[in-house]
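Read through the structure below, which is laid out as structure tokens, and then see the notes.
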Amino acid sequence: MPVATPEQYAKMLDAAQQGDYAYPAINVTSIVTINAALKAFADAKSDGIVQFSTGAGQFASGLNVKDAVFGTIVLAEAAHRLAEKYDILIGLHTDHCQPAKVDSFLKPLIAATAERRKAGNGNLFSSHMFDGSELPLKENMETSQELLKLCAENDIILEVEAGVVGGEEDGIDHSDVANDKLYTTPEDMVAVHEALNGLGRFMFAATFGNVHGHYKPGAVKLKPEILRDGQKAVMDKYGADAQFDLVFHGGSGTPAKQLQETLNYGVIKMNIDTDTQYAFTRPIVDHILKHYDEVLMVDGEIGSKKSYDPRTYLKLAEAGVATRLQRACDELKSTGNTVFGKV
Ligand SMILES: [Zn+2]
């Protein structure tokens, strides 16, 4: 199956909301990691989301080109082709886009989908994130409104964020942000609903103490009840249909029990980057340490071609990511829940 159509993607999200599970959304940067994601989702019989950051796009475009839009389109086109081989549904998404990158990154990608649609080839992307969390909420919502309308014209879902995810990701460092900013208030959640309701479908990354990166146990104070209280505030005022589709950022290292608590409060997408970065690198290090004198030409020796052929250790990396991601499917309860063939 190729990437989910907009209708199928919407039904995937509905199924997760109704079934109290969430999709792992894995950040990929190469064909190897796209294949790892597809393998994991297929093996788990789970649908899922593959996403690209601006840094991934730039990386994928090559050292001489360094063009985030171009590289992201290349990765998305590759994902469309590679996904054809699997009997699960995949959504393609782009991660954090700060206000300064809207014109140079987000709008050209929406235009790329519009072009594909015009040619009768369907959407290039299923959803995009606009991260206006650095702005005052009012300005954040003004830009979110403009982008949501633009996305809705192209059957794209927009993810927005209010509140700040702590830590560092893709060169954006929030580790010095005041602690109270890490928690979205119920008033903010009501304001987000009021600003965006009716303009198009959106997902919402509310923050509840989550941070990007991986921390030792105890360093992060997650308060999932923030999500529960915010949902309640919105639904008390606007009815059950006002329930948000929530996104969990910065979940690496979170104990399964806490992850699962958020599923009851409407989280349907959880981003996974740091944990799979480690899962990629770990088997490579293992290979290199075990085969030190084969991957290197030591003291005039010639090493072993089989050991230093990049495919040897990239296959191990692909399998490592797939194993970690399958665990994510299990923890987020998307395992066995593919809606492929049903929607
Ligand atoms: Zn994030």
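When a ligand or atom number is given, it counts from 1 through the structure's own listing order.
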Angle between ring planes, His249 versus His96, binned at 30° and 60°: parallel, tilted or perpendicular? perpendicular

Any side-chain heavy atom of [X] within less than 4.5 Å of one from [Y]?
{"X": "Val247", "Y": "Asn271", "result": "yes"}
{"X": "Phe125", "Y": "Phe52", "result": "yes"}
{"X": "Val102", "Y": "Glu146", "result": "no"}
{"X": "Phe244", "Y": "His193", "result": "yes"}

Which of the protein's N, O or S atoms come within less than 2.8 Å of the Zn ion (ligand 1), not counting waters? His96 NE2, His212 NE2, His249 ND1

Pairing residues for Glu161 by the side-chain hydrogen bond (donor to acceptor under 3.5 Å, both in side chains) criterion, not counting sequence neighbours: Ser133

